[in-house]
Amino acid sequence: MSAHMIKKDDYSFLYVVDMDKLSRLGVIKNNINQLLSKDFKVTKRIYNNVEITEITDLESYETLYIAFIKNQMIASYTHILVEKSIDEFQNPQIGRDLQFLAIQKELKKKGLFRIYLNHKLLTDYYNVFSNEPSTIVETLEENFNFSGFYIDEDDDRLLTATGYSSGNEVMEALVTALDKSGTGSIDAVTILPQETALYMSFGFDDFTSLHESFYELLGETQPSIVQQYLDGRSKVENLIDINLEEDFYSWIDDEIAFAKADFPQLNEKEGLAIAFKTKSLDDSKTKLQFIENQIKKTTPVKFQTVDYKGYDLHYLNIKGFFKLILGSLFESIEKPYYTFIDEYVVFSNSPITLKLYIDAYESHSTLITDEYCRDFVDEFSNSSNVFLYVDTNKLAHASKTYLNNDAQKELQNNEIFFSQFTQLGLEFKADGNHFKTKTVIHYDADYDAEALRLEAATKDLPYSVLEIKKEEISKETIFDMPEIFPNDFTANSYETKFHTGKTEMKVYLKDGIPHGRYKLYYINGQLKISGRFHKGKQTGTWRAYTRDGKLYHKDRL
């Protein structure tokens, strides 16, 4: 199955089935008319000497297009995809791409199934869902060509994808430089807040040697890009009379981290930060103070250092500084404020963001103290070249304004499904001239978005004695569920209602047995109980709430 862009704002699927021995018998090809009812119309036409069968549903007027090439049956609801598939067979393009073939060779017959990405179409696909451009997506498209993964499943909890990614000349130079440089630590979890929605870590043994090796290798194939960088670097160095290598690169240790936090106090443009791990905190303070002093000599902007809980907040007024030295991925951090947290220098456009980072560190509310996050990160290596961690639900909330209306509706309508894929991790390690990659997706059947939102919204509410009736909500009996016996064993859910028409209880079913999420409500519509069944038995975390929404009792069954 493959996805293809068919319009600026839409995509469609092509299906290919290996018929094996059935293809020789021609059973399906020669008997399609007999396999269908009178509700369908079948017509045939020839395209490039290949017969295409068109099956039209007379009620919906939707048409399925089918063709047979050797032992393959190809089908799509978009006729042009079947035609392009025939063209590809007769005049292969991707089938002769050496980079794609190399990745395909590595993955053959591995895992439960395999996924391939053509990076040159990522932005078009992303734009179907989003109103705003994504620097990360653009970077993946500009510098990578193909990725391939084979997928395995672990205890119904984790989907693990392992594979390879190949890139253009810029990426090949970077991969080779990283391969020589070695990997770096993933330690920024010690200073990033638990509200972090996305964390991307870049690791290396030594930044200066990596930097020099990368541009030396890139100069062999892309001298114009190297010259553009050197011109920009000279402009900055001459403007404020500094030496980037001595005053900035020299104190960077083995990790640079890019993070987006989803604090309720911030708007969607805030929460971004870059954290540099330092070889010596004192040395970084000295060098950055020197750069700051040099800037003050050439700009009328005066900024006094502000103290917040013993942490100094500084200001670095150089527009486009991070884009110059680190690329377009970091261009959103301009003229940043910065502070020092543990062994990191943290930069952000927003001083409020830095304050919230400091609060999280001081209250020991960082990612490393979150067992849920820590257990997931443990699925990866302790060091890598590129590591991406995503809290999918936090990122979905933080990115809502970037999604178009259709994507927002789809996300809302299918929240129960999407929200249970709670974490995503991606790891790149340089291997020769390509990246060896690993992706892990965490499926958490216990994650209940509605219950957790209610819990967060009411955590500071006091208990109201009048609202808790012991005969109605008792910790000893609250999770003793009456037998659920639906009247339709073929239904995928069972629901009861109050006399007002509001939902009283809803549970998902499998073969007539409770299997999935269970919700019980008060007559006022407030959630009363949330839990989950597995093959008729209560399992996972169950929660009970008072009429005013306060979490009353939680238990793991």
Side-chain angles (χ1 to χ4, degrees), residues 262 264 372 391-394 396-397 400 408-422 443-557:
D262 183 35
Y372 196 80
D391 184 312
T392 54
N393 289 294
K394 286 188 176 71
H397 180 264
K400 273 188 177 178
Q408 287 191 39
K409 288 177 183 176
E410 185 174 351
L411 195 63
Q412 183 177 349
N413 294 338
N414 297 280
E415 184 182 35
I416 291 176
F417 173 74
F418 286 126
S419 65
Q420 292 179 333
F421 293 91
T422 55
Y443 173 73
D444 184 355
D446 277 340
Y447 191 91
D448 186 335
E450 181 185 4
L452 292 174
R453 273 198 301 269
L454 182 61
E455 202 170 320
T458 60
K459 65 179 181 178
D460 297 323
L461 288 177
Y463 281 118
S464 170
V465 177
L466 295 176
E467 295 292 350
I468 301 176
K469 301 176 182 178
K470 287 189 177 181
E471 66 275 13
E472 180 181 51
I473 181 167
S474 166
K475 290 182 180 180
E476 288 73 28
T477 60
I478 188 64
F479 298 136
D480 294 343
M481 297 292 106
E483 184 179 4
I484 297 170
F485 199 80
N487 55 12
D488 182 0
F489 284 5
T490 65
N492 61 10
S493 65
Y494 174 60
E495 189 172 3
T496 62
K497 294 183 180 293
F498 292 105
H499 64 275
T500 60
K502 290 185 177 180
T503 298
E504 177 187 26
M505 180 276 292
K506 183 174 181 179
V507 63
Y508 287 88
L509 305 173
K510 185 175 182 181
D511 299 326
I513 297 173
H515 185 80
R517 184 65 58 191
Y518 170 92
K519 296 282 182 70
L520 182 69
Y521 295 89
Y522 291 101
I523 196 169
N524 65 356
Q526 185 67 262
L527 181 63
K528 180 178 180 180
I529 294 175
S530 169
R532 183 168 53 89
F533 282 92
H534 181 74
K535 296 181 179 179
K537 295 183 178 181
Q538 292 170 259
T539 185
T541 302
W542 284 66
R543 298 176 175 87
Y545 299 86
T546 62
R547 286 178 179 272
D548 55 9
K550 181 75 174 175
L551 178 66
Y552 177 67
H553 184 47
K554 182 166 66 173
D555 197 4
R556 189 163 184 86
L557 304 180

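Just so you know, residue 1 is the first one in the sequence shown, and it goes up from there.
How far CZ of Phe418 is from CD of Gln412: 12.5 Å, rounded to the nearest 0.5 Å. Separating the OH atom in Tyr494 from the CD1 atom in Ile484 is a distance of 8.0 Å, to the nearest 0.5 Å. Remark: Tyr518 OH to Met481 CE distance equals 4.5 Å, nearest 0.5 Å. The distance from the CG atom of Asn393 to the CG atom of Asp262 is 10.5 Å, given to the nearest 0.5 Å. Interatomic distance, Lys537 NZ to His515 NE2, rounded to the nearest 0.5 Å: 13.5 Å. Once rounded to the nearest 0.5 Å, the distance linking CD1 of Ile478 with CD1 of Ile529 reads 3.5 Å.
Minimum interatomic distance between Val507 and Pro514 (heavy atoms only, all atoms of both residues): CG2-CB, 4.0 Å. Closest approach of Phe479 to Leu557, counting heavy atoms only: CB-CD1, 4.3 Å. Residues Asp446 and Thr539 approach most closely at OD1-O, 4.4 Å, considering heavy atoms. Residue Leu454 comes nearest to Gly549 through the heavy atom pair CG-O, 3.6 Å, listed as atom of the first residue, atom of the second, then distance. Scanning all heavy atoms of the two residues, the minimum distance from Ala396 to Leu411 falls at CB-CD2, 4.1 Å. The shortest non-hydrogen separation linking Gln526 to Asn524 is N-OD1, 2.9 Å.
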May I have the step-by-step check of ring pair (Phe, Tyr, Trp, His ring centres under 6.0 Å) for Phe421 and Phe417, ending in yes or no?
-> CA-CA 8 Å; Phe421 293 91; Phe417 173 74; 5.2 Å; yes

Let me see the working for Tyr443 and Gln420 under side chain to side chain donor-acceptor pair (under 3.5 Å), right down to the final yes or no.
-> CA-CA 6 Å; Tyr443 173 73; Gln420 292 179 333; 3.3 Å; yes

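Judged by distance alone, with hydrogens and angles left aside, the side-chain atoms of Asp555 form no donor-acceptor pair with the main-chain N or O of Trp542 at under 3.5 Å. Between the side chain of Gln538 and the main chain of Gly531, no donor-acceptor pair closer than 3.5 Å is present.
In summary, Glu450 and Arg517 do not engage in a salt bridge, as defined by a charged side-chain N under 4.0 Å from a carboxylate O. Salt-bridge check for Asp448 with Arg532: failed, with every basic side-chain N at 4.0 Å or more from each acidic carboxylate O.
Contacts classified as side chain to side chain donor-acceptor pair (under 3.5 Å) and involving residues 502-511 (residues at least two apart or in different chains) are given here: Glu495-Thr503, Thr496-Glu504.
At least one side-chain heavy atom of Tyr372 sits under 4.5 Å from a side-chain heavy atom of Thr422.
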